Amino acid sequence: MLLGCANGFGAVALTALSRQWAQGNRPALAQLHHPAKVKNIIFLYMDGAPSQVDTFDYKPALERYHGQDPHSIFRVEPTQFNNIGRVMKSHWKFRRHGQSGLWCSELFPHLAKRIDDLCFVRSMTSKFPEHTSANYFLHTGSGIQGRPSMGAWISYGLGSENQNLPGFIVLNGGLIPPGGLDNFNSGFLPAAYQGSIFRAANPPVANLASTETPANQRAKIDLLRRLDQGILNRTGNADQIESAIANYETAFRMQTAIPELMDVAGETEATRDLYGINAGYAPTRIYANQCLVARRLIERGARFIEITCPNVGADRWDQHGNLRTGHQNNALAVDQPIAALLYDLKARGLWDSTLVVFAGEFGRTPFAQGADGRDHNPFGFTVWFAGGGVKPGFAYGQTDEFGYKAVEGKYEIHDLHATMLHLLGIDHTRLTLRFGGRDMRLTDVHGELIEPILL
């Protein structure tokens with residue numbers, strides 16, 4: 001009798017629960033902690049770590065001290081490979097651009113034209129000098145494997161605005177970063193909030209095309225739901241089973257939503273040219289397609305979109321050697337598409353409701369590794385923001401005269417996360433989940449807002 005009653009009450013609750021799941025992933029927050037400045041985030045992940053002193057952090061001292069022993073000039077920290085060569089100036093010229101007069105190297109001629117839209121933090125730091133741990137730190141707020149990604153936390157807190165799409169989508173250009181798919185995982189959050197990986201190939205998601213009629217597929221999904229509900233009634237293992245129910249439903253709806261979303265042939269030729277979809281360089285075409293799809297996702301209510309770099313055959317932005325060619329090719333791949341994305345968001349009225357973030361996992365040294373490379377540098381590097389809630393044409397923070405270590409307005413990845421959540425209307429200290437005996441959060445016990453960049 002007790003078992004029957006327990007199952008009966010559970011079934012009543014599950015009926016309402018399943019209906020809610022079928023309508024999309026339920027948000028953890030009943031209401032925002034404070035008024036949001038933006039609704040969506042596009043995270044431009046620069047896998048491998050661009051060199052700040054070759055991109056956006058102009059340091060004339062590198063030209064004056066080029067070729068000298070860095071040990072005689074400043075305190076040199078051990079690097080990953082401990083191959084410390086001479087001070088090396090940038091291969092690229094820097095110029096001031098726009099009304100703001102902010103510096104940009106000639107690596108980014110298209111972004112230089114959008115410089116007044118960008119908000120730089122030139123004093124970001126990381127706790128980790130090695131790719132895998134630094135990637136986990138950038139994506140999850142922890143240097144070890146297994147924690148939920150920032151995209152998963154945001155999807156968990158706010159849900160998706162479109163029941164036909166996941167809240168957290170990764171547009172993968174062909175490279176999986178060091179650390180693998182755990183960079184996009186849901187960790188101890190329900191599995192419904194993990195990143196959905198869309199590859200650059202066609203189809204973007206495996207098994208997207210159905211091999212049977214919608215009615216037959218619907219019947220199978222309904223059967224799976226009933227079976228899952230039966231297991232839930234007997235075991236009470238709610239998170240995993242509820243996530244399975246939600247994921248089945250989302251996958252079913254994605255079969256019609258994703259082909260239309262990914263088909264950019266309907267965009268005007270002017271838009272396709274703007275992004276670089278018809279460019280002669282294949283990685284530019286790949287990244288252009290990703291950026292255009294990201295804009296289309298924003299229009300359809302996706303909450304958090306991460307774009308990874310295409311494979312340019314130069315080991316991502318990670319140039320321990322051959323810096324000139326490697327950085328040149330990577331910049332050629334992403335420069336025009338990113339500039340077009342910023343322009344397009346503005347033109348379509350999506351600017352104020354969208355935050356764009358450009359970041360690698362750390363920076364690079366101001367001295368050479370080998371003949372033409374730069375080693376990892378977690379002590380000071382540049383990230384930038386654009387869109388709603390941040391000051392346009394603005395730069396905050398400073399590294400030393402060599403671009404080596406943050407010396408003014410020093411921030412770290414926890415602060416980056418706290419600021420992103422804040423702009424979405426979330427207090428990073430209050431978005432928590434009880435796990436392992438304590439309340440866990442993206443920023444752990446750390447994190448301060450990067451107040452100077454906020455409007």
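Keep in mind that this is a model prediction, so the values were computed, not measured.
Ring to ring, Phe402 and Phe367 are not that close: their centroids are 6.0 angstrom or more apart. Not less than 6.0 angstrom separates the ring centroid of His414 from the ring centroid of His428. Taking the ring centroids of Phe128 and Tyr136, they lie at or beyond the 6.0 Å cut-off.
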Decide side-chain contact (heavy atoms from CB on, under 4.5 Å) for Ser90 and Leu62; before the verdict, give the C-alpha distance in whole Å, the side-chain angles of both, and the deciding distance to 0.1 Å.
-> CA-CA 7 Å; Ser90 177; Leu62 294 183; 5.7 Å; no
Thr308/Arg316 under side-chain contact (heavy atoms from CB on, under 4.5 Å): CA gap, chis, key distance, verdict = CA-CA 10 Å; Thr308 69; Arg316 313 183 311 281; over 6 Å; no
Test side-chain contact (heavy atoms from CB on, under 4.5 Å) applied to Leu342 and Asp344, step by step = CA-CA 6 Å; Leu342 300 181; Asp344 213 11; over 6 Å; no
Check against side-chain contact (heavy atoms from CB on, under 4.5 Å), Phe74 and Asp400 | CA-CA 10 Å; Phe74 51 81; Asp400 58 34; 5.9 Å; no
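Between atom CG of residue Asn183 and atom CZ of residue Arg147 there is a gap of 14.0 Å, rounded to the nearest 0.5 Å. Note: His139 NE2 to Ile413 CD1 = 10.0 Å, rounded to the nearest 0.5 Å. Annotation: the span from Ile426 atom CD1 to Met420 atom CE amounts to 10.5 Å, rounded to 0.5 Å. Here Gln290 contributes atom CD and Leu297 contributes atom CG; the two are 11.5 Å apart, rounded to the nearest 0.5 Å. Note that OH of Tyr396 and CG of Leu454 are 11.5 Å apart. Values are rounded to the nearest 0.5 Å.
Side-chain contact, Glu361 with His131: a donor N or O sits under 3.5 Å from an acceptor N or O. Side-chain atoms of Asn162 and Ser160 form no donor-acceptor pair, as typed in the model, at a separation below 3.5 Å.
When atom types are taken as modelled, the side chain of Thr55 and the backbone of Leu107 share no donor-acceptor pair closer than 3.5 angstrom. Remark: the backbone N or O of Pro78 is not paired with any side-chain donor or acceptor of Asn82 at under 3.5 angstrom. Distance alone, capped at 3.5 Å, places no donor-acceptor pair between the Asp182 side chain and the Gly146 backbone.
Looking at heavy atoms from C-beta onward, His422 lies in side-chain contact with His34 at the 4.5 angstrom threshold. Within the 4.5 Å cutoff, no side-chain heavy atoms of Tyr287 are placed close to those of Leu341. Taking 4.5 Å as the limit, every side-chain heavy atom of Thr429 sits out of range of all side-chain heavy atoms of Thr443. Counting heavy atoms from C-beta outward, Leu102 and Phe394 have side chains that stay 4.5 Å or more apart. Between Phe120 and Ile115, some side-chain heavy-atom pair lies under the 4.5 Å cut-off. Looking at heavy atoms from C-beta onward, Phe56 lies in side-chain contact with Phe358 at the 4.5 angstrom threshold. Contact annotation: the side chain of Tyr45 approaches that of Asn135 to within less than 4.5 Å [non-hydrogen atoms, C-beta and beyond]. The side-chain heavy atoms of Gln328 and His91, taken from C-beta on, include no pair separated by under 4.5 Å.
Ion pairing between a basic and an acidic side chain is recognised when a charged N comes within 4.0 Å of a carboxylate O; Asp318 and Arg364 show such pairing. Taking the charged nitrogens against the carboxylate oxygens, Asp439 and Arg441 have no contact shorter than 4.0 Å, which rules out a salt bridge. Residues Asp444 and Arg438 are paired through a salt bridge, judged by an N-O separation under 4.0 Å between the basic side chain and the carboxylate.
The aromatic rings of His376 and His320 sit tilted, their planes meeting at an angle between 30° and 60°.
Contact record, Cys119 with Ile453: SG-CB, 3.5 Å, taken as the closest heavy-atom pair. Nearest heavy-atom pair, Arg114 versus Ala339, reported as atom, atom and distance to 0.1 Å: CG-CB, 3.9 Å. Listed here is the closest heavy atom pair of Leu350 and Glu299: CD1-CG, 3.6 Å. His33 and Leu431 get closest at one heavy-atom pair: CE1-N, 4.2 Å. When all heavy atoms of Val38 and Gly388 are compared, the pair lying nearest together is CG1-O, 3.4 Å. Scanning all heavy atoms of the two residues, the minimum distance from Phe168 to Ala152 falls at CD2-N, 3.4 Å.
Among Thr382, Asn377, Asp57, the one residue that satisfies the side-chain hydrogen bond (donor to acceptor under 3.5 Å, both in side chains) test with Thr399 is Asp57. Exactly one of Thr79, Asp54, Thr365 qualifies for a side-chain hydrogen bond (donor to acceptor under 3.5 Å, both in side chains) with Arg374. That residue is Asp54.
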